[in-house]
Structure formats: C-alpha cells, structure tokens
Amino acid sequence: MNLEVKIGKMTMKNPVTTASGTFGYGSEYAEFVDLNLLGAVTVKGISLEPREGNPPPRIYETPCGMLNSIGLQNVGLKNFLDEKLPYLKGFDTRIIVNILGNTIDEYCELSSALDGKVDAIELNVSCPNVKKGGVLFSNNNDMLRTLIKEVRTTVKTSTVIVKLSPASADIVMQARICEEVGIDAVSMINTIPAMAIDIHSRRPRLSNIIGGLSGPAIRPIGVRMVWETHRAINIPIIAMGGIMTAEDAMEYILAGATAVAIGTANFVKPTVTLDIIEGMKKYMLIHGIDDINSLIGGLIC
Amino acid sequence: MNLEVKIGKMTMKNPVTTASGTFGYGSEYAEFVDLNLLGAVTVKGISLEPREGNPPPRIYETPCGMLNSIGLQNVGLKNFLDEKLPYLKGFDTRIIVNILGNTIDEYCELSSALDGKVDAIELNVSCPNVKKGGVLFSNNNDMLRTLIKEVRTTVKTSTVIVKLSPASADIVMQARICEEVGIDAVSMINTIPAMAIDIHSRRPRLSNIIGGLSGPAIRPIGVRMVWETHRAINIPIIAMGGIMTAEDAMEYILAGATAVAIGTANFVKPTVTLDIIEGMKKYMLIHGIDDINSLIGGLIC
Amino acid sequence: MEVIDNREITDNVFILRLELTENALKPEPGQFYLLRPDSGYDPLLGRPFSAFRWNNDWIEFLIRKTGRGTALLSTFRPGDHIRILGPLGRSFPPHSPHKTPVVLAGGIGMASVYSLTLKHKAEHIFIYGAKSATELLLTEDIRPRVRELYLCTDDGSMGFQGNVVEFFTEFLKKTSSHSIVVYACGPEKMTKSLMEILKKYNIESYLSLEERMACGLGACMGCAKDTKTGMKRVCMEGPVFNIEEL
Amino acid sequence: MEVIDNREITDNVFILRLELTENALKPEPGQFYLLRPDSGYDPLLGRPFSAFRWNNDWIEFLIRKTGRGTALLSTFRPGDHIRILGPLGRSFPPHSPHKTPVVLAGGIGMASVYSLTLKHKAEHIFIYGAKSATELLLTEDIRPRVRELYLCTDDGSMGFQGNVVEFFTEFLKKTSSHSIVVYACGPEKMTKSLMEILKKYNIESYLSLEERMACGLGACMGCAKDTKTGMKRVCMEGPVFNIEEL
Ligand SMILES: Cc1cc2nc3c(=O)[nH]c(=O)nc-3n(C[C@H](O)[C@H](O)[C@H](O)COP(=O)(O)OP(=O)(O)OC[C@H]3O[C@@H](n4cnc5c(N)ncnc54)[C@H](O)[C@@H]3O)c2cc1C
Ligand SMILES: Cc1cc2nc3c(=O)[nH]c(=O)nc-3n(C[C@H](O)[C@H](O)[C@H](O)COP(=O)(O)OP(=O)(O)OC[C@H]3O[C@@H](n4cnc5c(N)ncnc54)[C@H](O)[C@@H]3O)c2cc1C
Ligand SMILES: Cc1cc2nc3c(=O)[nH]c(=O)nc-3n(C[C@H](O)[C@H](O)[C@H](O)COP(=O)(O)O)c2cc1C
Ligand SMILES: Cc1cc2nc3c(=O)[nH]c(=O)nc-3n(C[C@H](O)[C@H](O)[C@H](O)COP(=O)(O)O)c2cc1C
Ligand code: FES
Ligand code: FES
C-alpha cells in the first residue's frame with residue numbers, strides 16, 4: 001500500500017502533516033506523537049525577529065470551532081535555526097517552515113536563510129504589508145504576485161508553498177497566480193476572519209477584536225474551496241480546515257488535496273495525527289486502494 | 001421597555017424576524033409560534049414562476065451547521081399573492097418577501113407586483129444572471145449596482161432590503177453600494193458556499209454538489225461581517241447567521257444590527273423565535289436598558 | 001422528553017422508550033418524530049424515526065445505528081432528556097374490508113410498519129426480510145399479531161432465501177393482485193424494485209419513503225422527492241405515499 | 001476516563017470523580033488537567049481544572065458551573081466517559097522549613113490550593129473567602145488538615161466580613177512578612193489586589209493564574225500572560241507563577 005505523496009521536490013512518506021501554529025515546533029507533542037511517523041511537521045510561523053504576539057485573551061471557543069488571535073507570537077529566525085530546527089532534524093520526517101514578514105524583503109531574507117535547510121517553506125501571506133499601509137498581501141492580487149515571484153527567485157533548493165486565505169476576494173484566482181509564478185504547491189485554508197462578543201461586558205471576546213476561525217465548523221467551506229481550486233490548477237494542494245478524523249482527511253483528498261494538515265484537532269486529541277494516518281490506511285484497505293495518489297480529486301460528479 | 005425598531009419605512013414591534021427559506025410561508029410554524037408576536041415574518045424566496053428546485057438530496061448536516069441546496073423551490077408569485085399573502089395579512093406582523101430572479105427585469109416585475117402589498121421586499125442577489133452567462137449578481141459589483149438601482153426606482157411604497165452574500169468579494173463594499181443607491185437596509189449573511197463528500201461512494205452529499213452552509217458554525221463569521229459593515233454604512237442591518245439564542249441575537253445587535261433574523265434555529269426548536277424575543281427582554285431588564293435601539297452597535301472597543 | 005428505557009436488542013439496534021406527556025397527540029401507524037439531544041449543537045438537526053410502539057404513557061422507537069446521530073441516541077440512559085417533535089407526516093391509510101393487507105418490511109423498515117399489526121390484530125400477512133437471521137428482529141413478538149408471517153434472509157439463515165421482493169413475486173403467483181393492499185417500508189433498493197412489480201400488477205399500495213430532513217414541518221423544502229405531480233415533501237405529503245403518486 | 005461519581009455539593013458546584021488508570025502519573029498540588037466529553041465537537045476544546053483530590057484509583061475535580069462546558073460536565077454520570085489530559089503545568093513549589101505556608105483561596109480558587117493541605121498536614125494557615133457562607137465549601141473537611149483556618153465572606157454571613165485580601169492585610173499586621181510564604185488562587189480581581197500587597201511587603205509568593213486554553217501543552221500560544229520577561233504560557237510556565245515574574 002503506497003501512502004507516499006510528492007509536494008514539489010519534497011516526498012512525504014504519508015500525506016499527513018500538521019497545520020502551522022497548532023503543533024508548536026514539534027517537541028510540544030513529542031510525548032504523544034512519534035514524529036517519525038508523520039509525513040511532515042509544519043511549525044509555527046517564523047518571523048525574522050521574535051514576536052510577542054497580541055495581548056490576551058487570544059482564544060475563544062465558538063460552536064464546533066475556535067477563534068484565535070495569537071498575533072503570530074514566535075521565537076524568531078535565529079532561535080529557530082539554533083534550537084528548534086536541530087531538534088526536528090533528529091527525526092525522520094519532512095520539515096515545513098511557515099514564514100511571515102512585514103515586507104517582501106523580510107520574506108526573502110527568511111526564505112534565503114531557510115533555503116536548503118528545511119524541506120519546504122510555506123508562505124503565510126495573510127500578513128499586513130507595512131509598506132502598503134498594512135493591506136494584507138492576500139487581499140491584493142498584484143501585491144501577492146510580486147511577493148511570491150521574489151520568493152520564488154530567492155529559493156533554490158527547498159519546496160515553496162503559498163498558504164492561501166479564504167478571506168481573499170478570489171482564492172481560486174490566487175491559486176492560479178501561484179501556479180503561473182512557479183510556486184510548487186498551495187496550502188489552504190487559513191483561518192476565516194471572525195469575531196465574538198461578550199454581551200454582558202459588551203466587549204470583544206478577543207483583545208484583538210477579530211480572530212481566525214478554525215475547527216470542524218469551517219470544514220465544508222474548506223472542502224468546497226479545495227475542490228474549486230483543484231479544478232483550476234495542476235500543482236498540488238495541501239488541505240486543511242477542520243480535519244478531525246481520517247474520514248475528513250479523505251474528504252479533502254477526494255476533493256483534490258495531495259496532502260492534509262491537521263490543526264485544531266491536535267488540541268482536542270493530541271494523538272490525532274497518528275489516528276488519521278491509521279484511519280487512512282484502513283480506508284484504503286477496505287476499498288482496495290493500492291496508492292493514495294489514485295484518490296486525489298477522485299470525487300465522482 | 002421599547003423593543004420597536006425601524007427598517008426603512010417599516011416599523012417592527014420587536015427586532016426579531018425569520019430568515020427566508022427557513023420558515024416557509026409562515027403557516028408551517030403557526031402551530032408553534034403565534035405569528036402576531038414576531039417583529040416580522042420573512043418568507044421563502046419568491047420567483048415569477050413556480051420553481052421545482054434541485055433534485056434530492058438537498059440537505060446535509062455538518063459540524064454545528066447544515067448545507068442546503070434547495071434550489072429556491074417556491075410556489076411562484078401568483079400563488080403567493082392569491083394564497084400565502086392573504087393568510088399572512090391575517091396577522092398583526094410585518095411581512096417581508098424575499099425575491100429572486102434570473103434577470104433584472106424579473107426582479108423589477110416581482111418588485112412592482114409586490115410593492116405596496118407587503119411591508120418590505122428583500123432582494124436575494126445570490127442568483128445567477130442568465131443574461132450575463134450565469135454570473136451571480138452578488139459576484140459583480142457593477143451588475144449588482146444596476147440591479148438594485150432599477151429595483152429602487154421601481155418600488156414606491158414598500159421598504160427595499162438587499163440581502164448580501166458572504167461569498168462576494170467585498171461585502172462591505174456591496175453594502176456601501178446599497179446605501180449609495182438609496183436602498184433602505186441590507187440583510188446579511190446569506191449562507192456560505194460549502195460542500196461535503198461521501199467518502200465511501202465518492203459522491204457529493206448534495207445532488208447540486210455545492211450548497212449553502214448555515215447554522216451556529218457560521219455565527220462568528222456573520223458577527224464579524226455585520227460589525228465591519230456597520231462601521232461603514234448608516235442604513236440599518238438585518239443580521240442573520242447561526243442565531244440560536246437571545247444571547248446570539250444580542251451579539252449581532254451589539255455588533256451593529258438593528259434587527260435579527262432566525263433561520264436554521266427554527267429547525268432545531270420550532271418555538272425558538274419567541275424564546276429569543278423573551279430572552280432579549282430579560283437581557284434588557286437585567287442590564288437596565290429601556291430602548292433596544294440604544295444597544296445597536298454598542299460594542300465597546 | 002425523559003428517557004424511560006433504552007435497550008440494545010442486537011449489536012446494532014436498540015429500542016428507545018420515551019415518556020409521553022399526558023396531552024401528547026398519539027401517532028398513527030406510519031407517522032414519525034424528529035429526535036435530538038436536548039443540548040449542544042452537534043448533532044444539530046433532529047433525526048426522523050417512525051413511531052414504533054406506544055401507549056398513553058410512553059412511546060418507543062426502534063433504531064438502527066447508522067451514523068453519529070443514532071450512535072449518540074444509543075448512549076442515552078433513563079433520566080436523560082431528548083427533544084421530540086411529532087407525530088409528523090401522513091400515516092398508512094386504513095385498508096378496505098374487502099382486501100387483505102399485506103405488509104412488506106425490509107430491514108429496519110420494520111419499525112415503520114410494525115404498528116399496523118397493533119391496530120388491526122391478526123389481519124395482516126407480514127413479509128419481513130433482512131440480511132440474515134440475527135437481523136430479523138422481534139419475530140416471535142410479531143407472529144401472534146399477524147395472520148401469516150413470512151421471513152426472508154439474503155443468506156438463507158432463516159425462512160425464504162432471498163429478499164422480500166423476490167418472496168413477494170412468488171407470493172403473487174398464488175394471490176389475486178386485486179384482493180390485496182400493500183403497505184411497505186424498506187431500503188431504497190427494495191422500494192425501487194418493489195415499485196416495478198406493484199405497478200406492473202396494478203396493486204393498491206402505500207410506501208413509506210425516506211429523505212434527509214431539517215424542519216419536519218414542510219417549511220424548508222429539504223426533504224423533497226420527485227413525484228408524478230412534482231416535488232413533494234416527505235415530511236408533509238409523505239412519508240407514506242400512494243404508489244399512484246410515484 | 002470513566003466517571004466514578006459526580007456529586008453536587010451546592011447549587012452551582014460539583015465534585016467529579018474520574019477513574020485513574022494504573023500507570024497514570026499523579027499530579028502535584030497546583031497542576032491541572034484538560035477535561036472534555038468523549039464525543040462530539042460542541043464543546044470542542046478541553047476545559048482546564050485543577051487536580052483537587054486524588055489517590056491511586058481516582059482523581060477528583062471541584063468544579064463550578066460558569067458556562068456551557070462546566071454545565072455539561074455537571075450532567076455526567078457514573079459510567080460516562082470523559083477525555084482527560086494531564087497532569088499539566090507547574091505545581092506550587094514546596095515551602096522552606098523556615099517559613100510558615102499561608103494559603104489564600106478565593107471562591108472556586110480553593111480547588112487549586114486545597115491539595116496543599118493533603119501533602120503537608122496541619123502546617124498551613126488557610127485563609128478562605130467567598131461571597132457568603134453557603135459558598136464556603138468543605139470547610140469542616142479543611143479544618144482538621146490545617147494549622148489555622150480563617151473564613152471570610154463578603155456579606156459577613158460567616159467569619160470575617162470582607163474579602164480574603166482585606167483579611168490578609170489585617171493578618172499581616174500581626175505577622176512578619178519574611179516568615180511566611182504565600183500560595184494563592186482566586187478570581188482575577190483578588191489576584192490583582194493581592195499582588196500589590198505581596199509586592200509591597202516583598203513576600204515570597206506563588207500565584208495560580210487563569211487564562212483560556214486550547215492545547216494545554218505549550219504549542220498554541222493561546223494562554224499567554226504578559227510577565228516581566230515577556231509573554232508566558234499559563235499552561236507551561238504556569239499556572240503557578242512566582243510573583244517575581246509578574
Ligand atoms: C420518515 C422516516 C422514518 C424513519 N424511521 C426510522 C426508524 O424507525 N428507525 C431507524 O433506525 N431509522 C429510521 N429512519 C432513518 C433514520 O432517520 C436515519 O438512519 C438517521 O437519520 C441517521 O442518522 P445518523 O446521524 O445516525 O446518520 P448520519 O451520520 O447522518 O448518516 C449516516 C447514513 O444515513 C443516511 N441518512 C441520514 N439521514 C437520513 C434520513 N433522514 N433518511 C435516510 N437516510 C439517512 C446518510 O446519508 C448516511 O449514509 C427514518 C427515516 C425517515 C425519513
Ligand atoms: C489552570 C486552571 C485551573 C482551573 N481550575 C478550576 C477548577 O479547579 N475548578 C473550576 O471550577 N474552575 C477552574 N478553572 C476555570 C475553568 O477552567 C473555567 O471555569 C471553565 O473553563 C469554564 O468553561 P465553560 O465552558 O463552563 O465556560 P464558558 O462558557 O467557556 O465561559 C464562561 C465564562 O468563563 C470564562 N472562562 C472560560 N474559560 C476560562 C478559563 N480557561 N479560565 C478562566 N475563565 C474562563 C469565560 O470567559 C466566561 O466568562 C481553572 C482554569 C485554569 C486556567
Ligand atoms: C492557534 C492557531 C495558530 C495558528 N497559527 C498559524 C500560523 O502561525 N501561520 C499560519 O499560516 N497559520 C496558522 N494557523 C492556521 C492553521 O495553520 C490552519 O490553517 C487553520 O487553523 C485551519 O485548520 P484547522 O481547522 O484544522 O485548525 C493557526 C491556527 C490556530 C488555531
Ligand atoms: C433551508 C434553507 C433555505 C433557504 N432559502 C433561502 C431563500 O430562499 N432566500 C434567501 O435569501 N435565503 C435563503 N436561505 C438563507 C437564510 O435565509 C439565512 O440567510 C441563512 O440560513 C443564515 O442564517 P441561519 O444560520 O440562521 O440559518 C435559506 C437557508 C436555509 C437553511
Ligand atoms: S423536512 Fe423541511 S420540508 Fe420536509
Ligand atoms: S494552551 Fe496552548 S500554549 Fe497554553
């Protein structure tokens with residue numbers, strides 16, 4: 001039974017990775033998950049300098065979902081390279097590093113510092129471009145194109161993934177831009193901007209007012225976006241958004257994903273990634289599937 | 001204690017109405033809900049001719065939500081005027097009629113046939129424009145502007161509401177267009193395009209493949225959109241999307257809604273609209289609020 | 001309503017007994033209820049189940065675990081609360097005294113037609129099929145209530161080897177098609193092949209159909225089935241349809 | 001884990017006893033667990049609760065109903081299953097033998113510090129406050145385990161009239177601030193005003209703080225609190241913080 005999939009130049013032993021920001025730098029879950037068994041570990045978004053993130057409260061639970069406004073707190077590039085990366089290198093798994101910047105230059109500096117050292121670089125483009133008055137890169141197709149072109153030119157060895165936002169005007173169009181520019185793969189969906197209010201204090205539940213919605217609540221939206229995108233592009237998709245079980249993962253694969261990332265589910269059950277890999281094998285066994293790749297985009301309609 | 005609110009020329013005795021498509025034509029729920037107690041009844045979307053809708057299956061449950069692809073099955077204008085409307089006129093409540101067309105002409109014909117006979121006309125603009133190759137009116141700001149301008153000119157007496165789609169590129173911009181054109185109010189959010197797959201048969205869960213996601217899962221997205229829209233426009237907002245309780249309704253009002261519509265919650269508990277009205281009164285009592293209007297957009301941040 | 005009792009009768013099937021309030025309307029055979037847990041939004045919608053057995057104090061549902069909703073219902077215990085809405089939909093119409101009522105039950109479809117035997121004792125010919133003997137439920141309870149009981153299993157582990165429709169085809173060879181009225185409920189496959197035969201012989205028949213539901217009240221149009229006269233709502237114009245409409 | 005027992009002790013507070021598997025790690029005072037129902041996604045995330053009491057076979061949590069999650073937990077009955085993750089976080093460090101340990105518990109914060117009295121029998125001065133007498137829980141259980149027990153109520157219905165911090169301020173007048181070490185847990189308001197005094201008198205103290213949590217494992221950065229040395233995770237660097245960090 002073959003579970004191996006390819007994302008750009010990166011071969012994953014199975015299609016399961018973790019969603020950035022939900023699995024720390026891997027070590028936090030090592031007590032529960034043998035990292036060697038994962039297709040890849042995707043780490044929390046890294047910036048050039050360490051970031052403190054938003055003031056608390058940063059999370060709030062909503063029906064079958066959660067809001068977060070962590071504000072991209074992270075240890076910064078230097079600490080990542082010195083401490084987190086060597087730890088991860090000790091495992092037989094792929095390493096995907098999610099990066100974020102305030103400017104195109106920052107993304108390029110991060111990319112070139114990581115290039116060749118990690119298997120893949122995933123660009124979180126749902127970040128404000130400080131040179132353009134804080135408009136999110138993902139909110140403007142031209143800005144997005146310029147950014148990813150520059151990074152594409154910078155990175156020589158590692159696989160380049162662009163993480164798309166469901167809040168962008170047209171996620172399918174953005175995936176097309178990625179393909180045109182020569183990006184290896186897209187990942188989707190990032191969280192959906194959302195908010196909640198404490199009606200008694202009349203204050204927002206998050207100090208940042210708006211946060212990102214994740215969890216099973218958003219899965220049907222993610223599946224639809226992956227399906228629409230898969231029909232429009234030929235580069236692989238890493239799918240995420242509310243995957244809690246192997247069934248959910250298979251749903252995304254049938255919709256067109258080559259790999260899947262597990263996010264919020266890690267909080268609900270720390271061993272969930274391994275359960276999902278086992279569940280996928282079982283599904284393949286029951287349905288007599290030899291190669292997971294034969295299921296990608298296998299929706300009949 | 002004042003619960004009365006104004007939406008354009010229409011005065012509602014309280015801010016609670018029903019979401020189009022979830023309350024039939026009122027009579028279906030009359031066994032459970034004294035319609036006289038509602039601020040308004042909003043009926044299933046009406047087209048010029050009766051429509052059969054999509055083949056089954058048309059609904060599917062998802063985590064804290066549901067997908068529907070009813071395909072706008074309805075009795076058509078004539079039957080509505082002859083049978084449904086006289087029934088509703090027997091109650092002391094406002095009548096909001098949701099309408100849908102394939103062309104601008106159809107919207108205008110419907111509007112002029114209903115004008116003066118009903119309190120408000122709500123335009124469902126998430127419909128394909130057959131003259132423009134089936135692009136949804138809500139997916140193109142120019143098409144939307146032309147449509148609502150024409151309807152605005154046509155309607156002389158009834159209040160005109162435009163129902164906005166969360167799938168449009170920029171819902172806040174569309175609300176601004178509505179205000180510019182002289183529309184009385186906007187309602188939001190319509191369902192979010194989404195899908196689900198039966199992984200064993202590999203077929204979509206809905207015959208239409210894509211359906212609209214509603215229910216508590218989408219509430220945090222709706223609240224965020226209402227809040228962003230409220231800060232951008234001065235016309236009233238009728239809010240909907242996952243309202244299950246009076247607390248949820250208050251959340252939308254604090255975010256900027258003048259009235260709220262209850263949709264999927266009717267399926268979960270047929271008497272929910274009345275529970276919500278009572279709950280809102282209780283909230284006002286506890287917090288010493290005399291006039292619900294003083295809470296609109298009352299989020300402190 | 002409060003759960004009074006919840007009994008597994010096989011690995012997969014359980015009988016859930018709920019208290020009925022004093023003034024609660026009683027169902028007619030073929031009608032159904034929407035059931036959902038009293039709290040939380042996951043699962044969100046009620047699930048439809050046929051009224052299986054009832055008296056003045058309680059009502060029972062015969063439920064097969066097929067997914068999340070039914071699995072959850074199977075865990076409810078006495079004292080727990082379940083929200084119920086019903087009775088809903090159209091019931092099986094009474095049969096004319098000149099005709100013999102023949103009941104066809106496939107699998108868990110038995111839940112829907114079982115109550116016909118309560119109202120009209122020992123009048124019915126009851127043909128009941130399942131995959132194997134272990135899935136033929138409550139047969140000794142049904143036997144004394146019906147005139148004739150025929151059991152069918154796909155694997156031949158009990159009664160006739162073959163499905164209900166195959167048995168019925170044989171049965172028809174010895175029966176005048178105008179002397180019977182058929183009441184049937186079973187999986188979609190069974191209903192489809194059964195309909196062909198019923199139409200061919202022009203037999204008066206009433207079939208209970210299934211469709212996913214949201215409101216149960218005719219408001220959402222979610223449960224539509226295509227019929228000769230257009231889309232019909234299973235929750236309002238059904239679940240029992242006269243075969244002439246189909 | 002299986003629920004062994006669930007007892008309401010007031011209208012609003014219950015003690016949930018869960019089975020512990022044989023090899024389960026035992027908690028230290030101040031550590032906590034994430035608890036969530038074993039099925040469904042609503043509620044989605046675990047809720048943090050302090051280890052209240054435990055032995056080799058079971059662990060108890062003292063829980064106040066404040067919202068949906070706790071209301072749901074209050075309905076669990078023996079035989080039901082709850083998913084638990086823990087023990088998590090840092091515990092209260094042991095006190096130096098030269099100092100008298102003083103415990104300050106406000107409201108349900110008692111759950112977190114109660115277990116200190118199990119490890120170090122009859123050594124602690126225990127100051128425990130709540131709104132009124134009915135909300136002072138298990139006082140007769142605590143009394144024999146501590147050296148001195150002082151009760152405070154906002155309404156004066158039992159013990160000192162006023163809150164724990166007011167009592168402690170009085171208490172300090174008769175005590176050398178260098179001879180004590182403080183362990184405290186209570187609502188945010190109490191912690192805030194307490195911190196001022198503790199800092200003013202430079203008292204060695206350990207405070208248990210609260211923040212909403214998702215992972216409980218230091219991975220999501222959701223439970224951050226601003227400290228002197230930057231954002232710290234309540235689930236990893238806390239919930240017990242040395243006041244010098246705050
Ligand atoms: C009028 C009516 C009466 C019924 N009476 C009974 C009864 O007495 N006993 C009984 O065990 N079952 C009965 N059913 C079927 C029962 O409603 C479904 O098995 C149940 O809703 C499945 O819920 P779930 O959450 O466990 O499954 P899900 O996880 O929602 O789905 C599991 C599988 O069941 C299918 N399914 C879901 N909902 C329905 C539905 N409404 N109708 C048919 N298939 C569905 C799904 O497509 C899926 O393949 C009846 C259905 C109808 C429409
Ligand atoms: C380390 C730690 C230990 C705790 N120990 C106990 C204990 O032993 N016994 C006990 O009764 N409670 C304890 N709590 C508080 C408990 O976690 C919350 O009361 C619970 O999570 C509320 O869940 P809910 O779903 O009922 O409330 P929700 O409906 O989620 O919210 C109700 C209210 O509680 C607040 N709240 C939600 N989550 C938290 C949280 N994690 N911390 C503080 N406030 C919150 C919300 O802001 C809201 O105002 C502890 C909290 C922490 C962080
Ligand atoms: C607490 C939290 C932190 C996150 N941090 C990041 C991040 O740093 N970079 C990023 O690209 N996405 C981040 N995400 C988004 C996830 O990677 C993922 O796209 C999203 O949560 C949807 O998947 P899920 O529903 O399985 O969680 C974060 C999500 C959560 C819940
Ligand atoms: C079954 C169903 C049918 C609907 N039909 C219509 C419709 O005809 N016209 C319309 O504008 N919106 C329709 N909607 C959208 C609702 O009016 C509402 O905008 C949406 O469901 C969000 O609210 P909720 O989460 O409270 O259900 C329908 C929704 C559902 C669930
Ligand atoms: S379930 Fe809503 S119309 Fe039948
Ligand atoms: S709860 Fe996730 S870091 Fe503390």
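Numbered from 1 within each chain, the chains take letters A, B, ... in sequence-line order.
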Portion of B:S201 that has a non-hydrogen atom of chain A nearer than 4.5 angstrom: backbone
A:A167 portion near chain B, given a 4.5 angstrom heavy-atom threshold: neither
Inter-residue atom distance A:E228.CD - B:M195.CE, 0.5 Å rounding: 8.5 Å
Residues from residues 283-301 of chain B approaching chain A under 4.5 Å (heavy atoms): B:Y283, B:H287, B:I289, B:L295, B:G298, B:L299, B:I300, B:C301
Partner chain A: residue of B:A255, B:A196, B:P193 with the largest heavy-atom pair count (under 4.5 Å): B:P193
Interatomic spacing from NE2 in B:H200 to CE in A:M250 - rounded to 0.5 Å: 9.5 Å
For chain A, which residues of residues 58-70 of chain B have heavy atoms nearer than 4.5 angstrom: B:T62, B:P63, B:C64, B:L67
For the student: nearest non-hydrogen atoms of B:I192 and A:I221, plus distance: CG2-CD1, 3.7 Å
Full working for side-chain contact (heavy atoms from CB on, under 4.5 Å) between B:L213 and A:R224: CA-CA 11 Å; B:L213 180 63; A:R224 187 260 301 172; over 6 Å; no
Choice from A:R205, A:M244, A:E247 maximising heavy atom contacts with chain B below 4.5 Å: A:E247
Non-hydrogen atoms of A:I199 and B:L254 that approach each other most closely: CA-CD1, 3.7 Å
Residues B:I209, A:W227; criterion side-chain contact (heavy atoms from CB on, under 4.5 Å); working and verdict: CA-CA 10 Å; B:I209 308 175; A:W227 182 67; 3.7 Å; yes
Pairs of heavy atoms under 4.5 Å with chain B: top-ranked of A:A217, A:P220, A:G242: A:P220
